[in-house]
Amino acid sequence: MTATPTSSRTRSRLAAAAASLAIAGAIGFAAVTTGTAPVMAEAVNVQAPQVPGFADLVEKVSPAVVSVQVKAKVQPASDDGGMPFDAPDFFQDNPQLKRFFKEFRGPNGQGGRSFQHRDNPNREPRPVAQGSGFFISEDGYIVTNNHVVDGGTAFTVVMTDGKEFDAKLVGTDQRTDLAVLKVDSKDQKFTYVEFADDSKVRVGDWVVAVGNPFGLGGTVTSGIVSARGRDIGAGPYDDFIQIDAPVNRGNSGGPTFNQSGQVVGINTAIFSPSGGSVGIAFDIPASTAKQVVEVLMKGGTIERGWLGVEIQPVTADIAESLGLKAEKGALVSGAQDDSPAKKAGIVAGDVITQVDGKDVATTKELARLIGAYQPGKSVDVTVWRGGKAETIKVDLGKLPNGDKMASAGKPSEPSGTNSLADLGLTVTKSDNGKGVVVTDVDPDSDAADRGIQAGDVITAINSQEVAGASDISNAMKEAQKAGRKQVLVQISREDTNRFVTLPVAKADRSPLAGESRRRLGQWGH
């Protein structure tokens, strides 16, 4: 039998099929068949690219992080959600922060729960607050939040390996919401972590938070630094680091680490409409914590310098009215009675621009600078007064526990009135001769726009005392001659001082100016 010759087209097809089988085997097909005998192909082991993670960091720092359990006497239910521990005082006057605080801590404290005795369900429950903390020394010192331990009678720390130790409270500082606990154990040295130099922390840096959310124990989350220098209205020393690492109830007092395993901040508050993490958490900076903790570890109490002034921000209008080149500094609205500031001669209308040569950009910065000094420290305070800078030496006092407000005499009923139509004001002399009482304010005037109300007492304009309506008119003329567009008006209201600015009234202003202004305002031009 003669074999049929293979055509060139058929040979090409066979060659292509053989090549395809070879390629299929090379990329990992499980098996190919030739006839009836299976031939197994070797699977390819593809090396995935290495993605940086936090496992090494977490393994290093986790043994230093603990869960903090706080027991306290049962307190009656209250309108704040039945929390056995009150929110810090600096939260009480801010309903929004108080709500955030409740959501962060949970209904019975920091992520806490109330347990009933298993043998006697009717026995009074013992509240347990759950928080976080971390060792800062091998001999057992632990940092946490003041609001975690506040009101506690007994403290227990739980390690990552489940070991429990009793701890004692060494000290607290309510104004910075920090506390120090101490575990005494002669047989064990504890793994601890160090504080970072948070001045080097940048927005966008990776951070890792480790803590005890919802009482679950050691939990790790990661994110970035979202912002710095946050002021959330918690107190005069607000300077929080904002992070987006998920932080929940029970994380309070726990550390936030940089990639070197150093503590850059301490979790203290979250913004949470829902009660859970929405990616906005606030940390006490390491620099603040380190300074406070070092004092507390020695059994000391935090004493801060006290200047004794009521202050408000310098706005663009205020800066222009006083001849300042920039809207920086802290405007003194009053010096408190028997305060170091008053004794040194600082008066309302001064703008504090420096303390010991350090620039004061905001009111918060002034509070932090003064608070960093010890009571009795003598400092040079630079003020802007009368169009020039002056330096005043002040011996700082000790910050009182309570707020001391400046006192001022309340105005009596008006006895005669004067119209300042250009300003939209009607005023009368006060009975004590100090200032003029506002009896009426045109609702369409600049004065009304700036918040001046009937009953306010105008005591000074551009730091010049006012005794009558003519003093206001003269101050306006002087400001106009000096080329100023605004004047700074000092007002006394309900025993406190404040400042507002008013546009310089023009002498040739038409009596119809007010009516024209009302018409324009009505049409929104």
Worked verdict on D359 versus Q354 for side-chain hydrogen bond (donor to acceptor under 3.5 Å, both in side chains): CA-CA 5 Å; D359 290 338; Q354 288 186 333; 2.8 Å; yes
Side-chain donor-acceptor pair present, D197, S199, cut-off under 3.5 Å: yes
SB check K342 D337 (cutoff 4.0 Å): yes
Donor + acceptor pair across side chains of T268, D177 (<3.5 Å): yes
Derivation and outcome, side-chain hydrogen bond (donor to acceptor under 3.5 Å, both in side chains), residues S132 and N251: CA-CA 6 Å; S132 304; N251 276 103; 5.0 Å; no
Closest heavy-atom pair and its distance - S226, I243: OG-C, 3.7 Å
Flag, side chain of T353 to backbone of G329, donor-acceptor distance under 3.5 Å: no
For K343 against D338, the heavy-atom pair lying closest together: CE-O, 3.8 Å
Ring centers of F134, F257 separated by less than 6.0 Å: no
Neighbour count above 12 (heavy atom, 6.0 Å) for D56 CG: no
For G253 against T144, the heavy-atom pair lying closest together: CA-OG1, 3.8 Å
Distance-minimising heavy-atom pair for N248 and F214: CB-CE1, 3.4 Å
Heavy-atom closest pair, residues I318 and S321: O-OG, 2.7 Å
From CA spacing to verdict: side-chain hydrogen bond (donor to acceptor under 3.5 Å, both in side chains), S252, N267: CA-CA 5 Å; S252 207; N267 305 146; over 6 Å; no
Full working for side-chain hydrogen bond (donor to acceptor under 3.5 Å, both in side chains) between D187 and S185: CA-CA 5 Å; D187 301 328; S185 178; 5.6 Å; no
Closest non-hydrogen atom pair between V351 and K328, with its separation: CG1-O, 4.0 Å
Heavy-atom donor-acceptor pair, Q69 side chain to T156 backbone, under 3.5 Å: no
CG on L488 to CD on Q490, rounded to 0.5 Å: 8.0 Å
Set of residues satisfying salt bridge (Lys or Arg N to Asp or Glu O under 4.0 Å) with respect to K182, sequence neighbours excluded: D184
Y192 and D139: side chain donor to acceptor below 3.5 Å: no
Side-chain H-bond candidate by donor/acceptor type, D380 with T391, under 3.5 Å: no
